[in-house]
Amino acid sequence: GKLFSISANVPRFLKRFPDGKILYLIRDPLSVIPSGLSLVTGVLDKKFGFWNLPEVKRGHFINNLYQALVQLLLRFQSDWTSGKIDKTKVFIVHFDRMMTDFNNLMTEILKFIDHSPSENLMNDIIETAENQRKFESKHHYDLAKFGLTEKQIKKDCAPIYETFIEPEKVTV
């Protein structure tokens with residue numbers, strides 16, 4: 001499942017499911033946060049005309065949603081660095097690596113979940129790897145639309161960059 005809400009409760013989830021394993025996707029907050037804001041406000045706009053609401057009301061909602069999205073990221077990072085998460089049960093998947101090194105990443109994931117792939121699965125992985133390398137996202141977000149700046153997101157999410165993003169740039 002793609003369950004973003006587990007990120008705020010990984011220790012509790014693993015306690016409840018001691019044999020469970022989690023693949024946790026790490027992506028630059030500069031991509032994750034505007035994507036989440038766009039998704040939620042897009043749904044609200046279709047149903048309730050969100051972007052037609054008074055600017056103050058929109059701004060209040062967007063700020064609260066932004067803070068919640070940041071807290072989801074920071075909670076996982078805090079649990080990860082404080083030792084509350086059993087790291088043998090969680091595999092960190094870097095989004096950029098998923099797009100550029102899919103077949104090697106999948107080999108590591110299969111080992112992590114202790115799964116021997118069939119020939120069909122291996123063929124699917126090879127095909128997906130080729131497609132991933134060619135993929136270009138059509139999503140481009142205007143941070144100003146949400147009253148945000150790159151500097152603010154990087155500041156608010158500094159622990160994410162320090163723990164997961166910057167080390168990746170150094171080692172990959």
Side-chain angles (χ1 to χ4, degrees), residues 1-13 22-82 84-85 87 90-102 104-106 108-109 128-172:
K2 185 177 177 182
L3 308 170
F4 72 89
S5 60
I6 288 176
S7 66
N9 295 301
V10 170
R12 201 166 88 202
F13 178 86
I22 295 173
L23 302 177
Y24 187 83
L25 182 68
I26 295 289
R27 190 170 186 192
D28 190 331
L30 285 169
S31 297
V32 172
I33 289 174
S35 175
L37 290 169
S38 181
L39 176 67
V40 173
T41 58
V43 170
L44 291 175
D45 191 49
K46 283 182 183 175
K47 183 67 177 170
F48 304 109
F50 177 80
W51 291 107
N52 295 323
L53 293 172
E55 187 176 341
V56 171
K57 192 173 233 179
R58 287 192 323 253
H60 180 73
F61 178 83
I62 288 170
N63 182 59
N64 285 341
L65 181 56
Y66 170 75
Q67 294 300 327
L69 293 171
V70 169
Q71 288 308 307
L72 277 174
L73 298 174
L74 294 178
R75 174 70 178 270
F76 178 81
Q77 184 276 344
S78 175
D79 288 346
W80 181 262
T81 58
S82 70
K84 290 180 182 176
I85 293 174
K87 292 180 181 175
V90 179
F91 187 92
I92 301 294
V93 177
H94 291 272
F95 180 83
D96 292 341
R97 184 165 178 228
M98 184 175 68
M99 300 307 288
T100 60
D101 190 26
F102 187 79
N104 290 321
L105 177 62
M106 286 305 299
E108 293 172 26
I109 289 171
T128 301
E130 184 62 30
N131 291 334
Q132 294 287 74
R133 281 189 290 274
K134 295 177 189 174
F135 179 79
E136 285 188 40
S137 176
K138 303 213 183 339
H139 295 288
H140 299 284
Y141 304 105
D142 178 9
L143 293 177
K145 177 180 181 179
F146 302 110
L148 298 170
T149 64
E150 180 177 331
K151 184 178 179 180
Q152 178 185 1
I153 292 172
K154 285 187 170 185
K155 178 181 174 271
D156 294 343
C157 297
I160 302 302
Y161 288 98
E162 293 162 5
T163 304
F164 300 113
I165 307 293
E166 297 304 325
E168 177 192 43
K169 289 180 181 175
V170 172
T171 60
V172 174

Short side-chain to backbone donor-acceptor contact, Thr100 and Asp96, under 3.5 Å: yes
How close do Tyr141 and Ser31 get, counting heavy atoms only, and between which atoms? CE1-O, 4.4 Å
Should we count NZ of Lys87 as having more than 12 external heavy atoms under 6.0 Å? yes
Please examine the side chains of Ile85 and Phe76, heavy atoms only from C-beta on, and report whether any two atoms are closer than 4.5 Å. yes
Measuring only between side-chain heavy atoms, which start at C-beta, is Trp80 closer than 4.5 Å to Tyr24? no
Below 4.5 Å, heavy atoms only, C-beta onward: do Leu73 and Ser7 meet side chain to side chain? no
Closest non-hydrogen atom pair between Lys154 and Leu30, with its separation: CE-CD1, 3.4 Å
If I compare all heavy atoms of Val93 with all of Ile109, which pair ends up nearest, and what's the gap? CG2-CD1, 4.0 Å
Could you list all the salt bridge (charged side-chain N to carboxylate O under 4.0 Å, His left out) pairs where at least one residue sits in residues 59-76, not counting sequence neighbours? Arg75-Asp79
About how many Å separate CD1 of Ile22 and CD1 of Ile6, when rounded to the nearest 0.5 Å? 5.5 Å
Any donor-acceptor pair under 3.5 Å linking the side chain of Ser78 with the backbone of Leu74? no
Please round to the nearest 0.5 Å and tell me the distance separating atom SG of Cys157 and atom CG of Asp28. 9.0 Å
Identify the two heavy atoms, one from Leu143 and one from Glu150, that lie closest to each other, and give their separation to 0.1 Å. CD1-N, 3.5 Å
From Lys145 NZ over to Thr41 OG1, what is the distance, rounded to the nearest 0.5 angstrom? 5.5 Å
Rounded to the nearest 0.5 Å, how far apart are OG1 of Thr128 and CE of Met98? 11.0 Å
By side-chain hydrogen bond (donor to acceptor under 3.5 Å, both in side chains), which residues pair with Glu130, not counting sequence neighbours? Arg133
Compare all side-chain heavy atoms of Leu69 with those of Leu37 and state whether any distance is below 4.5 angstrom. yes
Contact summary for Leu25 and His94, nearest pair of heavy atoms: CD1-C, 4.4 Å
Distance-only donor-acceptor hits, side chain of residues 53-68, under 3.5 Å, sequence neighbours excluded:
unit_1: Arg58; atom_1: NH1; unit_2: Trp51; atom_2: O; d: 3.1
unit_1: Arg58; atom_1: NH1; unit_2: Leu53; atom_2: O; d: 2.7
unit_1: His60; atom_1: NE2; unit_2: Asn64; atom_2: ND2; d: 3.3
unit_1: Tyr66; atom_1: OH; unit_2: Asp156; atom_2: OD2; d: 2.6

In Å and rounded to the nearest 0.5 Å, what is the CG to CD distance from Asp101 to Gln132? 11.5 Å
